Amino acid sequence: MRKTLIALSVALAAAHGVAAQSYTLVSPDGSTSATIAVTADGGLAYSVHRDGRTMLAPSPLGLRTSIGDFGPGLRIVAADTATIRRSYDQTRIKRSHVDYAARSLRLTAVNAAADTLGVEFRVADGGDVAFRYLMPRQRGGELGAVTVLGEHSGFALPEGSTAFATPQSPPMEGWKRTKPSYEEVYAVDVPVGTPSQYGLGFTFPALFRTASGGWVLLGETGVDSRYVGSRLADADSAGVYRIAFPMDGENNGNGDTTAAMGLPAATPWRTITTGSTLAPIVETTVAWDLVEPLYEATEAPRAAKGTWSWILWQDESINLADQKAYVDLAAAMGYDHVLVDNWWDTRIGREGIEELVGYARDKGVGVMLWYSSSGWWNDIVQGPTGVMCSSIERKKAMRWMQGIGVRGIKVDFFGGDKQETMRLYEDILADANEYGIAVIFHGCTMPRGWERMYPNYVGSEAVLASENMVFSQWFADTVEAPAATLHPFIRNSLGSMEYGGTILNRHLSRDNRSGVRRRTSDAFQLATAVLYQNPVQNFALAPNNLTDAPAEAIGFMRRVPTEWDETLYIDGYPGRYAVIARRSGPDWYIAGASALAEPIELRLRLPMLAKGDSVRVLADADADGTLVQRTERVGSPDAFEITLRPGGGFVIEKNEKL
Ligand code: CA
């Protein structure tokens, strides 16, 4: 009834040629709503509700542009609503088929100078709200270009909410001055308004828990060469997190911090996923619902598993003999490829790589090659440099790679989120597609709908990833386990995450006796192969694991898929423990990991199981946490009992072949 009335009020306003100054848009399933209203000062504000709870209090909208300010002093002159229903198939994300149903509202507003700004809202079934700005040509069509100087857009979390987010880092710091690169430690469950670690705000995505127990995941999608990547500034005194643009120092100070668009234009979408539980947060497809493919793939994009010598054997392994050992490992595991990391240009050379590709091909294994993105934005000396930053050089390199059959590239160390860098991401992807090459980004920004926009895109790091296990015992002691309980709800919910994990060595070194000691269990490691989603998984396995790791672990790593048809939230709380289920064809993988200091007994509701089903369980032995594999008959699928040990994990497999 409420929906009908709202639709009617909008229709009446339009019929009389008078635009209302407040609109409420309700999702087709009735669960979620957004209200957009003109405020006392003539600005636009929106609020979001879900299941009777306030998810966002009135939050500001608007742009500051070279044409004029679209903040206060706006008047709504038109409103158009529509219902959108569509279905699409998508590879390389958390599910393969999406049915999307939403209501849309397009408001047209004018400022005092009679210039026009559009705002489009979507409220979708499942709990996703999104908005973007639309700008037509202005001044009777004379003005065809605009620079967006900044935004008024913000997010007002209800009082008493807490935040789960990673801070933005200062530019030009860290390893070879490569920051920012979305590789920071989460602030977990901190009160809204808590200052960020560096005073520079937070990167997307950011998760919030409201005082009434609701969940809000903020993100951004549809960013391409036509905008900047944005972030959240620290909350202002009213508790509002405003959109912030890149910092001047990013990209070593080269390039503007503003966004330049040709008119007519649409900005990227800002997304607000809401839930009364964490299920909508884990299961959302909002990052892909709102974007379209920008070109067709020349090669069918493939999900794949790979081996990667660098993670445990480091730079010293970038030689032909060690790479052949990792090809052999890939062949033994039934994996798609080997990833050859930095320095191959000087330590192996092109002729050596050609030999390696041939050696690998004979074993049914492909090759991926690492490149630096730089460039003039950091101090990286690891080669190859000076290739991906140049249209001429990268096309030459890609032609060579296509000629010898290299399957993909991993491009590392980008310069931040300025529009200039967004253009570089897009140019690398578009060029690589011409040569049938898949692309992973590292040392990079968060992907923003890129799995759908760029069909040869196969993942981004943008996370404090497995390499930190090699660099620091502190990371192994304090960060690794909590991270597995955060990423499924935050970073990895809105985009692929190339973590480079599943470590079966006890020590993070070639001899497996020295270096950082792993604190988490083998079952935890196996669980991360499911908890962490990326279409291409370069796992941190080593050749010795074929003989020194539990045979059940190796068997699992041979079976585990990297492409999923469905993803479901089962249980958990970010920072404490996480249980996620993913389906591949008829097979389900239900994975859990814990960061709690004490064991926890879970009683899981597993709707994909039936009483009497046979499942394979890989878990921690109660006595000492070593890996145990057992086959269980399901008693009650509504109360499947399993224990999570500190730093432990499990995988429950329902496999057709069992
Ligand atoms: Ca990195």
Side-chain angles (χ1 to χ4, degrees), residues 1-11 13-14 20 22-37 44-59 61 79-88 90 94-95 97-107 118-132 134 153 155-158 205 207-210 212-222 268-291 449 452 493-494 566-569:
M1 189 61 203
R2 192 165 164 234
K3 277 185 285 181
T4 318
L5 280 176
I6 287 148
L8 190 64
S9 72
V10 172
S22 173
Y23 297 84
T24 295
L25 192 65
V26 182
S27 59
D29 67 3
S31 67
T32 311
S33 68
T35 297
I36 302 96
L44 290 176
Y46 71 103
S47 55
V48 174
H49 292 81
R50 163 87 193 233
D51 300 332
R53 290 186 171 105
T54 300
M55 294 291 175
L56 286 183
S59 304
L61 293 166
D80 300 289
T81 60
T83 300
I84 299 168
R85 288 185 192 278
R86 69 189 186 99
S87 297
Y88 64 92
Q90 177 63 43
K94 66 177 84 168
R95 65 181 301 133
H97 180 83
V98 179
D99 294 313
Y100 176 73
R103 295 206 17 105
S104 111
L105 170 68
R106 280 188 182 208
L107 294 177
V119 186
E120 180 175 5
F121 268 83
R122 295 272 183 93
V123 183
D125 286 0
D128 295 312
V129 175
F131 68 88
R132 65 174 175 172
L134 307 165
S153 321
F155 308 88
L157 275 301
L207 179 68
F208 298 87
R209 185 167 196 266
T210 69
S212 65
W215 295 94
V216 179
L217 181 64
L218 300 180
E220 179 173 66
T221 190
W269 295 90
R270 304 290 159 41
T271 65
I272 303 131
T273 299
T274 65
S276 297
T277 70
L278 284 161
I281 304 300
V282 168
E283 296 164 20
T284 181
T285 51
V286 68
W288 308 283
D289 295 340
L290 298 164
V291 299
R452 184 151 181 79
S493 184
L494 294 187
E566 202 174 339
T567 293
L568 296 177
Y569 166 74

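Below, all heavy atoms of this structure are taken into account, side chains as well, without hydrogens, waters or symmetry copies. This structure is a prediction, so every number in the text was calculated from the model and none was measured.
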Side chain to side chain donor-acceptor pair (under 3.5 Å) filter on Thr271, not counting sequence neighbours, yields none

Test side-chain contact (heavy atoms from CB on, under 4.5 Å) on Thr221 and Leu494 and set out the steps.
CA-CA 9 Å; Thr221 190; Leu494 294 187; over 6 Å; no

Applying side chain to side chain contact (heavy atoms under 4.5 Å, CB included) to Ser276 and not counting sequence neighbours gives Arg50, Asp51, Arg53

Heavy-atom nearest pair, Glu283 first then Thr567, reads CG-O, 3.3 Å

To the nearest 0.5 Å, atom CG of Leu218 lies from atom CE of Met55 at 12.0 Å

Interatomic distance, CG@Asp128 vs OG1@Thr273, rounded to 0.5 Å, equals 4.0 Å

On a heavy-atom basis, the closest approach of Thr24 and Ser33 is CG2-CB, 4.2 Å

- Query: Tell me, do Lys94 and Thr284 make a side-chain contact under 4.5 Å, heavy atoms counted?
  - Reply: yes

Report task. Examine distances only and state if a side-chain atom of Asp125 and a backbone atom of Asp29 form a donor-acceptor pair shorter than 3.5 Å. Result -> yes

Contacts of Gln90 meeting side chain to side chain donor-acceptor pair (under 3.5 Å) (sequence neighbours excluded), chain-then-number -> Arg452

When every non-hydrogen atom of Gly127 is compared with those of Thr32, the smallest separation belongs to CA-OG1, 3.3 Å

Self-check item: Sub-4.5 Å side-chain heavy-atom contact between Val119 and Ile36
Solution: no

Residues passing the side chain to side chain contact (heavy atoms under 4.5 Å, CB included) test with Ala37, sequence neighbours excluded, are Ser22

Applying ring pair (Phe, Tyr, Trp, His ring centres under 6.0 Å) to Trp215 and not counting sequence neighbours gives Phe164, Tyr573

By side chain to side chain donor-acceptor pair (under 3.5 Å), Ser47 pairs with (sequence neighbours left out) none

For Gly222 and Val291, the nearest pair of non-hydrogen atoms, with its separation, is CA-CG1, 3.5 Å

Contacts of Thr285 meeting side chain to side chain contact (heavy atoms under 4.5 Å, CB included) (sequence neighbours excluded), chain-then-number -> Tyr88, Arg95, Val98, Trp288, Asp289

(Q) Could you check whether any side-chain heavy atom of Leu157 comes within less than 4.5 Å of a side-chain heavy atom of Leu56, counting everything from C-beta outward? (A) yes

Residues at least two apart in sequence or cross-chain that pass side chain to side chain donor-acceptor pair (under 3.5 Å) with Ser59, listed by chain then number, are none

| field | Test item: Phe121 and Leu107 side chains (from C-beta on) under 4.5 Å apart, heavy atoms | value | no

Note: Ala156 and Pro58 closest approach over all heavy atoms is CB-O, 3.6 Å

Contacts of Arg86 meeting salt bridge (Lys or Arg N to Asp or Glu O under 4.0 Å) (sequence neighbours excluded), chain-then-number -> Glu292

d(Asp99 CG, Ser87 OG) to nearest 0.5 Å is 3.5 Å

Quick one, Thr210 and Phe208 - any side-chain contact, counting heavy atoms below 4.5 Å?
no

d(Ile272 CD1, Trp269 CH2) to nearest 0.5 Å is 11.0 Å

Those residues at least two apart in sequence (or on a different chain) that pass ring pair (Phe, Tyr, Trp, His ring centres under 6.0 Å) with Phe155 are none

Separation between CG (Asp80) and OG (Ser104), nearest 0.5 Å, reads 8.5 Å

Note: Ala124 and Tyr100 closest approach over all heavy atoms is CB-CE1, 3.7 Å

Those residues at least two apart in sequence (or on a different chain) that pass salt bridge (Lys or Arg N to Asp or Glu O under 4.0 Å) with Glu120 are Arg106, Arg122, Arg132

Rounding to 0.5 Å, atoms CD1 (Ile84) and CG (Leu290) come to a distance of 9.0 Å

